[in-house]
There are 2 protein chains.
Amino acid sequence: MKSNDFNLSHFLPYRLAVLSERVSKRLSSEYSEQFGLTTPEWRVMAHLSRSEKVSVREIHTNANLEKPRVSRAVAKLEKAGLVTKSVNEGDHRLIEVSLTPEGWKVLNQFLPNALELENSLLGTFSSEEVDQFYDMIERLHAVLDEDPKAAPRPKMDKV
Amino acid sequence: MKSNDFNLSHFLPYRLAVLSERVSKRLSSEYSEQFGLTTPEWRVMAHLSRSEKVSVREIHTNANLEKPRVSRAVAKLEKAGLVTKSVNEGDHRLIEVSLTPEGWKVLNQFLPNALELENSLLGTFSSEEVDQFYDMIERLHAVLDEDPKAAPRPKMDKV
DNA sequence: TCAATATCGTTTCAAGTGAAACGAAAGTCA
DNA sequence: TGACTTTCGTTTCACTTGAAACGATATTGA
């Protein structure tokens with residue numbers, strides 16, 4: 001009755017989940033302790049670092065966050081004085097979100113920590129291996145792209 | 001004020017989270033549709049496939065699930081008739097969980113789908129690349145193992 | 001022996017979650 | 001024009017989550 005051919009520990013989806021969760025927790029321990037940010041809030045701020053004014057919708061598709069999570073994260077960040085919201089001139093449905101000076105301060109204070117963690121992780125790879133690793137991730141995504149049952153891939157900034 | 005040196009899309013923790021979530025969702029769409037299982041429930045059953053009787057504690061450390069999640073998953077699986085719970089003879093604090101015949105039926109029905117998904121993903125790699133990929137994951141874990149701020153690594157079945 | 005401590009699994013409770021519904025605004029097209 | 005549809009961001013609601021507290025059992029050590 002025992003199906004010895006299956007081992008959860010070796011199962012790709014499980015391995016990815018375990019690694020990803022462990023890395024995420026390591027990172028979130030920092031922004032949560034230092035700034036009281038949650039993961040959606042960190043993602044919103046991180047995305048805002050690349051664009052002055054961004055709609056909720058764009059954050060949703062670019063930061064892999066469900067719409068309600070973005071809405072709530074932005075609301076909390078606004079309350080904390082880290083971002084501002086304003087209605088788009090041309091299209092009144094759109095909300096333009098952008099970092100406040102205080103938001104920039106927090107972000108610039110935290111980004112070095114984020115990059116340091118990333119560097120310490122990638123430090124175990126040669127630069128060729130880094131490319132290989134990312135290429136492999138890309139290829140796994142490509143498989144899912146062909147799978148009609150898979151969710152669409154979140155938008156990815158080029159460059 | 002704009003810090004153009006940071007790109008969320010390229011950030012390792014984010015990339016891992018995105019890939020892992022996408023793979024997880026693809027898998028869970030199957031066991032949720034077909035059997036009404038949640039992720040903790042699937043993990044519990046998958047872990048049970050390798051051992052006759054297992055304590056809640058062991059599932060907790062082996063399937064990367066918090067204690068309450070295991071407790072709740074097991075309770076729900078018991079209610080559904082897929083597992084049984086019994087008190088350990090020697091140590092009355094321990095609960096022994098094991099699959100029922102019905103549980104085995106469900107598991108054996110689902111495992112081929114799980115393996116098929118894994119194969120379709122890994123099919124994009126040569127067998128050397130599969131080894132490389134897993135080795136790289138292992139090396140990232142090794143970095144975290146040395147980091148006092150990182151959570152301990154969940155137990156991993158050898159072989 | 002028997003208090004003090006540790007471990008196990010469950011439960012509590014406050015917070016987070018997402019699918020679906022919602023109102024508001026914009027776009028479509030006859 | 002004006003009904004219909006689509007899109008945007010928010011909110012509702014039922015469910016999930018995990019840290020902490022809990023009772024029960026086991027272990028430790030004076």
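Below, chain A is the first sequence line, B the second, and so on; all start at residue 1.
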(request) Examine distances only and state if a side-chain atom of B/Asn108 and a backbone atom of B/Trp104 form a donor-acceptor pair shorter than 3.5 Å. (result) yes
(request) Without swapping roles, check the side chain of B/Glu118 against the backbone of A/Leu12 for a donor-acceptor pair under 3.5 Å. (result) yes
(request) Determine the contact category for B/Ser55: base if any of its heavy atoms lies under 4.0 Å from a base atom, sugar-phosphate if only primed atoms, P, OP1 or OP2 are that close, otherwise nothing. (result) sugar-phosphate
(message) Using a 4.0 Å cut-off on heavy atoms, which residues in residues 87-97 of chain A reach DNA chain D? List them by number, or say none.
(response) A/Arg93, A/Leu94, A/Ile95
(message) Would you call the rings of A/Trp42 and A/Tyr31 parallel, tilted or perpendicular, taking 30° and 60° as the class edges?
(response) parallel
(request) Could you tell me from which nucleotide to which nucleotide of DNA chain D, 5' to 3', there is an atom under 4.0 Å from chain B heavy atoms? (result) D/dT17 to D/dA26
(request) Would you mind checking if A/Arg153 and A/Glu138 are paired as a salt bridge, meaning a charged N to carboxylate O distance below 4.0 Å? (result) yes
(request) Name every residue in residues 56-76 of chain B that has at least one heavy atom under 4.0 Å from any atom of DNA chain D, in order of residue number, or write none if there are no such residues. (result) B/Glu66, B/Pro68, B/Arg69, B/Arg72
(message) Rounded at 0.5 Å granularity, tell me how far OG in B/Ser120 sits from CG in B/Leu115.
(response) 11.5 Å
(request) Kindly indicate, with the supporting measurements, whether the criterion salt bridge (Lys or Arg N to Asp or Glu O under 4.0 Å) is fulfilled by A/Lys149 and B/Glu30. (result) CA-CA 9 Å; A/Lys149 288 188 186 172; B/Glu30 303 263 328; 3.5 Å; yes
(message) Keeping B/Thr61 on the side-chain end and B/Glu58 on the backbone end, is there a donor-acceptor pair under 3.5 Å?
(response) yes
(message) So if I apply the side chain to side chain contact (heavy atoms under 4.5 Å, CB included) rule between B/Leu77 and each of B/Val44, B/Val106, B/Thr38, which one comes out positive?
(response) B/Val44
(message) Assess, by modelled atom type and distance only, whether the side chains of B/Thr100 and B/Glu102 contain a donor and an acceptor separated by less than 3.5 Å.
(response) no
(request) Could you check if a side-chain atom of B/Arg15 sits within less than 4.5 angstrom of a side-chain atom of B/Leu19, using non-hydrogen atoms only? (result) no
